[in-house]
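Numbered from 1 within each chain, the chains take letters A, B, ... in sequence-line order.
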There are 2 protein chains.
Amino acid sequence: MNKPTTIYDIAEKLNISAATVSRVLSKSNYPVRAALANRIRATAEEMNYVPNSIGRQLKTNKTSTMGVIIPSITNPFYASVVSGIEEVASEKGFQILLCNSQQNPELEDQHLNMLFEKQVKGVILSSVSNRHDVLRKVMANGLKVVSVDQHMADFEAFQINFDYRKGGMIGTRYLLDQGHREIAYLTAPLTLTSRQQILQGFMDEMASAGLPVPPERIVVADKRRGKKAEGGSEEFENGKRMTRQLLDTGDMPTAIFACNDMTAFGVMDELASRKIKVPEQISVIGFDNLEFSEIVSPPLTSIEQPKYEMGRLACGMLMDWMDDSIRQTGEIMLQPRLVARTSVREIDS
Amino acid sequence: MNKPTTIYDIAEKLNISAATVSRVLSKSNYPVRAALANRIRATAEEMNYVPNSIGRQLKTNKTSTMGVIIPSITNPFYASVVSGIEEVASEKGFQILLCNSQQNPELEDQHLNMLFEKQVKGVILSSVSNRHDVLRKVMANGLKVVSVDQHMADFEAFQINFDYRKGGMIGTRYLLDQGHREIAYLTAPLTLTSRQQILQGFMDEMASAGLPVPPERIVVADKRRGKKAEGGSEEFENGKRMTRQLLDTGDMPTAIFACNDMTAFGVMDELASRKIKVPEQISVIGFDNLEFSEIVSPPLTSIEQPKYEMGRLACGMLMDWMDDSIRQTGEIMLQPRLVARTSVREIDS
DNA sequence: CTGAAAGCGCTAACAC
DNA sequence: GTGTTAGCGCTTTCAG
């Protein structure tokens, strides 16, 4: 716990220059006599030398730290994305500075600034904001950011997107194909573009089927930022609350489309506590295809998105970009896929 | 995207010294004439100055980054812990370097070393190792680490522990009280001390009830490190696999105790696919009380542990410790609580 | 192959 | 109040 050894300490002890020590200890391929190199390594070991990467970073202006900004880590969706990111990052020797924006655009901006000050060169961002001036600023100053999940319109960055609108359409079409006509749509606050897009998909598909959707059938959770529920079960509660709200109007659709699986779980829970059978009385469809969707009862029909792959792709792109293996900036649009299980029944008409 | 402005650039433009610029821009409370200070702030803004925290850190040897090492972020348990950590860290202006050990002790050591090289001063660790020499080394060199979740025997560090053994006892006692005598215990590999302790609790309670447990009733998943299942559903699969293994012996206990809820979900899924009713034919109890446990069907009886609080406590401790608001190093032992739902039935004897 | 010296951006004594 | 100077630990020309 005394002052840590530096390359100078080693140099001094060996009566050589710090430069030489650096050359061998930093694994540069600069030529150093093998014998000397070994002595250096030996005394480094012996003196318990640990390289100070801050010193190195200040000099080289290179870092092996990257930033990740997501709305919430307790959301299994983002946990999967992060896991994908972490995996390829760690393959390349990178570490991750994890930032939670908590759905708060200001926090997102703060994190962006802080990452930039910490001299990070690359960030993966799932943005909850729609004013991207801070983002623009840091990018203009050389920060490389690839976005995941949340599409940012007309933005000159790499984006790994997901076709949420099509997802909404596919889910709706499936319901329609099963004979449903009375469909309610429950969604978390429409702050995220992804959420808007799913809803849009729903509306579009209903419209093109010639089915009007009365406004009571679209229920949007009121946003209550501030204290998030412990453990992030907010969406579950949302689902319950919105279901109450929907049913308390006396309305009784044959199917409920929830904006994500967590919300759908809440829907199913509320339905169960009202002794309403799924899918016999009301069908439920979700979005995300969490792994839990397979094991709830009844197993939830949902829209799959490749969360883990999203993380991997995003991080791979970022790595290539930082390597200057530049591919031109562009978008990747990942496609939705319906996973039919048993929470939706066929209506015999 | 040109070279970033430094305090020297600002100083030059204003014909003053860099020291003065530093004094105002670093928010030290060193006296500077207000008018000058304002001019400095103005031109800093104008020149688009962003402080370089690497420069600062090299000088001050202080950092606002801390490390977190956990086995897997896709495990909702750890996601909650991390969320708790992140919350208090961010209150104190700290960021988190997130490291996944993937249940691999070598990776854990690597991360520890790397964090130390990055000059982090504090780490929160859920260790998967039982040889703690690297840990000891870095701690001897001044790194402060508080451990969560995984108890480390005779270790001179802060530990936020959880009484796993008592949890195992409580769960077993509950089963016993409900009239069960034929109980199987399924567990993930016993690499983690937490897992050993739950099993220990189970064994102790069975023993003190005078009930011998035949070895076939204790099934331990074989460890298959290497490629982890995508998204981390490994434990779910474990549960299924072990249930198959158990049942294929022809044995039919009245209750199954799973080492955690994820595993229990796998158990229930396998049971369901064999048309074995829970709890009518076999009762199931888990451990962790994930939020999903409430919404699976039937709702899973489980042992609650305050995951989120664990994270908060650990981080709070670490912060105090780094502040040198030293409390003597010690342990906090959090207590288990049974959450009875409907996956366990009462046996009429 | 090795060394001397400069400097990355910043802060903190110490002078004035 | 402000300036001068040194130096955190490291790498990297440039000489030799």
Side-chain angles (χ1 to χ4, degrees), chain A residues 2-41 43-44 47-65 114 116-121 141-142, chain B residues 2-41 43-44 47-65 114 116-121 141-142:
Chain A
N2 346 338
K3 192 125 56 65
T5 7
T6 73
I7 50 172
Y8 277 90
D9 300 329
I10 301 180
E12 197 173 4
K13 184 153 194 172
L14 258 41
N15 276 313
I16 57 177
S17 80
T20 308
V21 178
S22 167
R23 296 204 251 258
V24 356
L25 260 24
S26 66
K27 302 170 180 54
S28 91
N29 46 2
Y30 207 90
V32 174
R33 202 159 24 98
L36 218 205
N38 287 332
R39 281 177 62 213
I40 291 175
R41 274 186 281 266
T43 57
M47 297 180 74
N48 195 13
Y49 171 74
V50 176
N52 180 329
S53 56
I54 298 301
R56 170 191 291 230
Q57 189 180 343
L58 184 58
K59 179 68 186 172
T60 62
N61 193 25
K62 287 187 187 332
T63 178
S64 64
T65 305
M114 164 256 127
F116 191 63
E117 290 181 12
K118 288 209 164 150
Q119 306 303 113
V120 153
K121 304 303 178 200
N141 287 307
Chain B
N2 344 338
K3 193 126 53 72
T5 11
T6 72
I7 51 171
Y8 279 90
D9 300 328
I10 301 181
E12 198 175 4
K13 185 154 193 172
L14 258 41
N15 276 314
I16 57 179
S17 81
T20 309
V21 178
S22 167
R23 296 203 251 259
V24 356
L25 261 25
S26 66
K27 302 171 181 52
S28 90
N29 46 2
Y30 208 89
V32 173
R33 198 158 29 94
L36 218 205
N38 287 330
R39 281 177 62 212
I40 291 175
R41 274 186 280 267
T43 57
M47 295 178 76
N48 195 14
Y49 170 75
V50 177
N52 181 329
S53 55
I54 298 302
R56 169 190 294 230
Q57 189 180 343
L58 184 58
K59 179 68 187 172
T60 61
N61 194 26
K62 285 185 186 338
T63 178
S64 64
T65 304
M114 165 256 128
F116 191 63
E117 291 181 13
K118 289 211 162 149
Q119 306 302 115
V120 154
K121 303 304 178 199
N141 287 306

* Asked: For every nucleotide of nucleotides 9-16 of chain C, 5' to 3': is a protein heavy atom under 4.0 Å from its base (B), only from its sugar-phosphate (S), or from neither (-)?
  -> BBBBBB--
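Neither side chain, B:Lys118 nor B:Thr65, offers a donor N or O lying under 3.5 Å from an acceptor on the other.
In this structure a side-chain-to-backbone donor-acceptor pair under 3.5 Å is missing from B:Thr43 to B:Ile10. Of the possible polar contacts, none joining the A:Ser22 side chain to the A:Ala18 backbone as a donor-acceptor pair under 3.5 Å is found. Listed for the A:Asn38 side chain is no donor-acceptor partner under 3.5 Å among the backbone atoms of A:Ala35.
A straight line from CE of A:Met47 to P of D:dG9 spans 13 Å, rounded to a whole angstrom. Atom C1' of nucleotide D:dG9 and atom CD of A:Gln119 are separated by 16 Å, given to the nearest angstrom. The nearest whole Å value for the distance from the CZ atom in A:Arg33 to the C1' atom in C:dT2 is 9 Å. Atoms CD1 (B:Ile16) and P (D:dT5) sit 17 Å apart, rounded to a whole Å. One interatomic measurement links the two molecules: NZ of B:Lys118 to P of D:dC10, which rounds to 16 Å at whole-angstrom precision. The CG atom of B:Asn61 sits 8 Å away from the P atom of D:dG9 (whole-angstrom rounding). For A:Asn29 and C:dC1, the CG to C1' distance is 14 Å, given to the nearest whole Å.
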* To do: Begin from the C-alpha positions of A:Thr20 and A:Ile40 and carry the test side chain to side chain contact (heavy atoms under 4.5 Å, CB included) through to its verdict.
  => CA-CA 9 Å; A:Thr20 308; A:Ile40 291 175; 4.0 Å; yes
* A:Gln119 and A:Thr63: side chain to side chain contact (heavy atoms under 4.5 Å, CB included), yes or no, with the steps? -> CA-CA 8 Å; A:Gln119 306 303 113; A:Thr63 178; 5.7 Å; no
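Note: B:Lys59 NZ to A:Leu58 CG = 12.0 Å, rounded to the nearest 0.5 Å.
DNA chain D forms stems at C:1-16 with D:1-16, each a run of 3 or more consecutive Watson-Crick or G-U wobble pairs whose two key distances fall under 3.5 Å.
Between A:Val21 and A:Tyr8 the shortest side-chain heavy-atom distance does not fall below 4.5 Å.
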